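In what follows, a structure is listed as C-alpha cells, so that the remarks can point back to it.
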There are 2 protein chains.
Amino acid sequence: MGTKLVDGSISVDCWERLRAINDTKDILSGKWKVMIIACLASFGKKRYMELQRLLAGIGTKMLSKELQELEINGLITRTVMNTKPITVEYELTRYGHSLKPIIDEMALWGKSHRGKIIDEIAKKE
Amino acid sequence: MGTKLVDGSISVDCWERLRAINDTKDILSGKWKVMIIACLASFGKKRYMELQRLLAGIGTKMLSKELQELEINGLITRTVMNTKPITVEYELTRYGHSLKPIIDEMALWGKSHRGKIIDEIAKKE
DNA sequence: CGGAATCCCTTACGATACTG
DNA sequence: CAGTATCGTAAGGGATTCCG
C-alpha cells in the first residue's frame, strides 16, 4: 500500500486524486448546475418555475438542459404531478445530497472571500 | 439574529449563502483552474512547463490566461527566476491554500463517484 | 523557456416563439 | 405550466507562430 511511482516522479495515488477532482469538476460543470443543487439543497423540493425564479436570469433552455444532465447523473429526480396544468417537481436524490460537503465548503470560502475583498477596499480608503 | 425574510419566502441568510457559493464558483470557473490549484497543492512550487506537462492537453494560451486570473485573485504567486533562459515558478499563496477543503471534498466525492459507476456497470453484467 | 499574438472553430449560452 | 425548437451571438478554447 505504499506510494506507487510513475516515471520516478508522480505517484499513481496522486494522479488518481487529480482524476477524481476532474471528474467532480466535469459533473458540476455548466453555468448553473452548482446553483441548482444549492437551491434544491436549501429549499428542498421545487417546481420548475420556482427554480427559474430562484435562479434569476436563467432561461428555459438552460434550465431544462442542466436539469436533464443532473437527472442523468442521478443527482436529482423529476416528478410529474397529476394537476392541470401539469406541474413538475425537482428534488435532490440521496446521492445528490452527497454533494453537500462540497457546496458547504464553497459557501464557507465564498463568504470569507467576500469579507476579504471588503477589507481590502476599506484599507485603500 | 433571527432569520430575516424577503417577500415572505426567502431568508437573507439563505440568499447570502447562495451568493457566496456563486462567488466561489465564478473564481474557480474555467476549464483548468481547479486542476491548476490541485496540482500546485499536490506538488508545491512548479514551473510553467511542468504545469503544462501535468495538465496534459492544455495549450500555452489557456495556461497563461488561467494562471493570470488566479494570480489576480491572490491565489497563486508568479516568480521569475534569474536563469538563462528564464524560468518562472508558480506557487499557491496561503490564501490559495485556503481552497484546499473544497478541493479535498471534490477529490473525495469524485473517487466515490467513480466507484459507484464501476459498481453499476458490474451489476449490468 | 515562458508567454504574447494571431487565426479559427466549436460550444455554451441567451432570447424568443411555439406546443401539449 | 413545463418545457422544446430555432436562431443568433459571444465567449471559450485549440493550434500555431513568433518574440525577448
Side-chain angles (χ1 to χ4, degrees), chain A residues 9 21-40 43-73 75-92, chain B residues 9 21-40 43-73 75-92:
Chain A
S9 64
I21 294 167
N22 204 43
D23 288 347
T24 305
K25 190 210 69 183
D26 285 344
I27 286 184
L28 298 181
S29 71
K31 192 171 178 181
W32 303 95
K33 289 210 189 71
V34 169
M35 294 309 287
I36 291 172
I37 293 168
C39 279
L40 292 178
F43 304 123
K45 204 178 293 184
K46 277 293 156 194
R47 287 172 40 193
Y48 188 87
M49 253 199 77
E50 294 176 313
L51 279 175
Q52 191 168 17
R53 193 166 42 83
L54 289 172
L55 303 166
I58 194 175
T60 62
K61 179 179 150 190
M62 274 302 112
L63 183 52
S64 297
K65 183 192 152 219
E66 307 255 284
L67 285 170
Q68 280 165 19
E69 291 174 1
L70 290 173
E71 193 188 3
I72 287 174
N73 281 316
L75 300 174
I76 65 174
T77 56
R78 176 181 181 276
T79 315
V80 180
M81 313 298 288
N82 281 333
T83 57
K84 45 178 179 173
I86 65 161
T87 55
V88 181
E89 286 182 347
Y90 290 93
E91 192 175 13
L92 277 191
Chain B
S9 64
I21 294 167
N22 204 44
D23 288 347
T24 305
K25 189 209 71 183
D26 285 344
I27 287 185
L28 298 180
S29 71
K31 191 171 178 180
W32 303 95
K33 288 211 190 70
V34 169
M35 294 310 286
I36 291 174
I37 293 169
C39 279
L40 292 177
F43 304 123
K45 204 178 295 183
K46 277 293 157 194
R47 287 174 40 195
Y48 188 87
M49 254 201 77
E50 294 176 313
L51 279 175
Q52 191 167 20
R53 192 165 43 82
L54 289 173
L55 304 166
I58 195 174
T60 63
K61 180 178 150 189
M62 275 301 112
L63 183 52
S64 298
K65 183 191 152 219
E66 307 256 282
L67 285 171
Q68 282 165 17
E69 291 173 1
L70 291 173
E71 194 188 2
I72 287 173
N73 281 314
L75 300 174
I76 65 173
T77 56
R78 176 179 179 276
T79 314
V80 180
M81 313 299 287
N82 281 333
T83 57
K84 44 178 179 169
I86 66 161
T87 55
V88 180
E89 286 183 347
Y90 291 92
E91 192 175 13
L92 276 190

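Per chain, numbering begins at 1; letters A, B, ... match sequence-line order. Just so it is clear, the structure is predicted and the values come from calculations on it, not from any experiment.
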Between [atom2] on [N] and [atom1] on [X], what's the gap in Å once rounded to a whole number?
{"X": "A:Leu63", "N": "D:dT4", "atom1": "CG", "atom2": "P", "result": "10 Å"}
{"X": "A:Arg47", "N": "D:dA2", "atom1": "CZ", "atom2": "C1'", "result": "10 Å"}
{"X": "B:Glu66", "N": "D:dA11", "atom1": "CD", "atom2": "C1'", "result": "13 Å"}
{"X": "B:Glu50", "N": "C:dC1", "atom1": "CD", "atom2": "C1'", "result": "12 Å"}
{"X": "A:Glu69", "N": "C:dT11", "atom1": "CD", "atom2": "P", "result": "14 Å"}
{"X": "B:Met81", "N": "C:dG2", "atom1": "CE", "atom2": "P", "result": "11 Å"}
{"X": "A:Arg53", "N": "D:dC1", "atom1": "CZ", "atom2": "C1'", "result": "14 Å"}

Is a side-chain donor-acceptor pair under 3.5 Å present for B:Thr60 with B:Tyr48?
->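 B:Thr60 and B:Tyr48 do not have a side-chain donor-acceptor pair below 3.5 Å.
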Quick check: do [X] and [Y] have side-chain heavy atoms less than 4.5 Å from each other?
{"X": "A:Lys33", "Y": "A:Glu69", "answer": "yes"}
{"X": "B:Ile36", "Y": "B:Glu66", "answer": "yes"}
{"X": "A:Asp23", "Y": "A:Ile27", "answer": "no"}
{"X": "A:Val34", "Y": "B:Thr24", "answer": "no"}

Would you jot down, in residue-number order, the residues of residues 23-37 of chain A having a non-hydrogen atom under 4.0 Å from DNA chain C?
->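 A:Gly30, A:Lys31, A:Trp32 - these, ordered by number, are the residues of the stretch whose heavy atoms sit under 4.0 Å from the strand.
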Answer with base, sugar-phosphate or nothing: what part of the nucleic acid does B:Met62 contact at a heavy-atom distance below 4.0 Å?
->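 Answer is base: heavy atoms of B:Met62 come under 4.0 Å of a base.
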A:Val88 versus A:Arg78, closest heavy-atom pair with distance =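 Scanning both residues, the minimum pair turns out to be CG1-CG, 3.6 Å.
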Nearest nucleotide by nearest heavy atom, which residue falls closer to the 5' end of DNA chain C, A:Ile58 or A:Ile86?
->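 Result of the comparison: A:Ile58.
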Got a list of protein N/O to nucleotides 3-7 of chain C N/O distances below 3.5 Å?
residue : atom : partner : partner atom : Å
C:dG3   : OP1  : B:Arg78 : NE           : 2.5
C:dG3   : OP1  : B:Arg78 : NH2          : 2.4
C:dG3   : OP1  : B:Tyr90 : OH           : 3.0
C:dG3   : OP2  : B:Tyr90 : OH           : 2.8
C:dA4   : OP2  : B:Gln68 : NE2          : 2.7
C:dA4   : N6   : B:Thr60 : OG1          : 3.1

May I ask you to decide if B:Ile21's main-chain N or O and B:Lys25's side chain share a donor-acceptor pair within less than 3.5 Å?
->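 Pair absent, no side-chain N/O of B:Lys25 close to backbone of B:Ile21.
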Do the side chain of A:Glu89 and the main chain of A:Thr79 share a donor and acceptor less than 3.5 angstrom apart?
->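 Looks like no, no N/O pair under 3.5 Å.
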Pair A:Leu51-A:Leu40, side-chain contact (heavy atoms from CB on, under 4.5 Å): steps then yes or no = CA-CA 8 Å; A:Leu51 279 175; A:Leu40 292 178; 4.0 Å; yes
Which comes earlier along DNA chain D counting from the 5' end, the contact point of A:Glu89 or that of B:Gly59, where each point is its nearest nucleotide?
->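 That would be A:Glu89.
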